[in-house]
Amino acid sequence: MNFGCCFCDQGGITIGNDVKFGPFVKILTTNHPLDPNDRTTLISDHVVIKDNAWIGANTTILPGITIGRNSVVGAGSVVTKDVPDNVAVAGNPARKIRDL
């Protein structure tokens with residue numbers, strides 16, 4: 001794990017073996033509902049990062065996401081959907097670039 005990472009873990013975070021984190025990775029497990037009159041309610045959901053994943057610098061992983069085994073998330077990505085095993089994703093929102 002590199003420096004400056006921030007894990008907001010109210011919803012729970014599971015990290016597998018041999019996972020690599022670049023600097024300033026953010027894992028967020030809590031969000032608010034979209035109702036502009038309700039900013040006090042929290043919605044939490046578990047994040048799972050499976051074995052041998054590599055999370056690039058300045059990546060943000062949102063609540064409820066699973067990052068698959070051996071997958072790579074490119075630097076600066078915002079992960080809004082699950083990442084399957086053995087793929088590279090990047091962008092905002094993160095999208096599949098190629099199979100690994």
Side-chain angles (χ1 to χ4, degrees):
M1 186 171 306
N2 217 307
F3 64 93
C5 293
C6 176
F7 296 173
C8 297
D9 63 348
Q10 186 172 355
I13 299 170
T14 301
I15 299 172
N17 295 315
D18 300 315
V19 173
K20 298 164 196 67
F21 292 95
F24 301 106
V25 168
K26 291 170 281 309
I27 300 177
L28 310 175
T29 65
T30 303
N31 203 349
H32 297 279
L34 292 176
D35 180 355
N37 299 314
D38 183 7
R39 294 295 187 225
T40 59
T41 301
L42 294 176
I43 302 168
S44 298
D45 203 355
H46 195 85
V47 170
V48 176
I49 302 176
K50 295 184 178 179
D51 295 344
N52 204 38
W54 183 8
I55 314 300
N58 290 309
T59 291
T60 299
I61 300 172
L62 298 180
I65 298 300
T66 297
I67 307 290
R69 284 180 180 79
N70 306 312
S71 288
V72 175
V73 179
S77 296
V78 177
V79 184
T80 61
K81 295 183 180 178
D82 289 348
V83 176
D85 294 347
N86 304 303
V87 300
V89 300
N92 180 4
R95 296 173 195 251
K96 180 179 169 184
I97 296 171
R98 67 181 182 123
D99 292 317
L100 298 175

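Computed from a predicted model, the values in this text were never measured in an experiment.
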>> With a sphere of 6.0 Å drawn around CZ of Arg39, does it hold more than 12 non-hydrogen atoms of other residues, nucleotides or ligands?
In response: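 Atom CZ in Arg39 is crowded, with more than 12 foreign heavy atoms closer than 6.0 Å.
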> Do other residues, nucleotides or ligands put more than 12 heavy atoms under 6.0 Å from the NZ atom of Lys20?
Replying inline: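 Atom NZ in Lys20 is packed in, count exceeds 12.
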Got a second to check how far [X]'s [atom1] is from [Y]'s [atom2], nearest 0.5 Å?
{"X": "Ile65", "Y": "Ile13", "atom1": "CD1", "atom2": "CD1", "answer": "12.5 Å"}
{"X": "Thr30", "Y": "Leu62", "atom1": "OG1", "atom2": "CG", "answer": "11.5 Å"}
{"X": "Asp51", "Y": "Asp85", "atom1": "CG", "atom2": "CG", "answer": "9.5 Å"}
{"X": "Leu100", "Y": "Arg69", "atom1": "CG", "atom2": "CZ", "answer": "15.0 Å"}
{"X": "Ser77", "Y": "Asn92", "atom1": "OG", "atom2": "CG", "answer": "8.0 Å"}

Check: [Y] main-chain N/O paired with [X] side-chain donor or acceptor under 3.5 Å:
{"X": "Lys26", "Y": "Phe24", "value": "yes"}
{"X": "Asp82", "Y": "Thr66", "value": "yes"}
{"X": "Thr80", "Y": "Ala94", "value": "no"}
{"X": "Ser44", "Y": "Gly12", "value": "no"}

Search all heavy atoms of [X] against all heavy atoms of [Y] and return the closest pair with its distance.
{"X": "Pro33", "Y": "Thr41", "result": "CD-O, 3.2 Å"}
{"X": "Ala53", "Y": "Ile67", "result": "CB-CG2, 4.0 Å"}
{"X": "Leu42", "Y": "His32", "result": "CD2-CE1, 3.2 Å"}
{"X": "Asn86", "Y": "Ser71", "result": "N-OG, 3.1 Å"}

> What residues, two or more places apart in sequence or in another chain, satisfy side chain to side chain contact (heavy atoms under 4.5 Å, CB included) together with Phe21?
Replying inline: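 Side chain to side chain contact (heavy atoms under 4.5 Å, CB included) list for Phe21, sorted by chain: Met1, Cys5, Phe7, Ile15, Val19, Val25, Ile27, Ile49, Ile55.
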> In a check of side-chain hydrogen bond (donor to acceptor under 3.5 Å, both in side chains) between His46 and each of Thr14, Thr29, Asp9, which one passes?
Replying inline: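 Checked Thr14, Thr29, Asp9 against His46; only one passes side-chain hydrogen bond (donor to acceptor under 3.5 Å, both in side chains): Thr14.
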>> Is a donor from one side chain sitting under 3.5 angstrom from an acceptor on the other, for Asp18 and Asn52?
In response: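 There is no such pair between these side chains.
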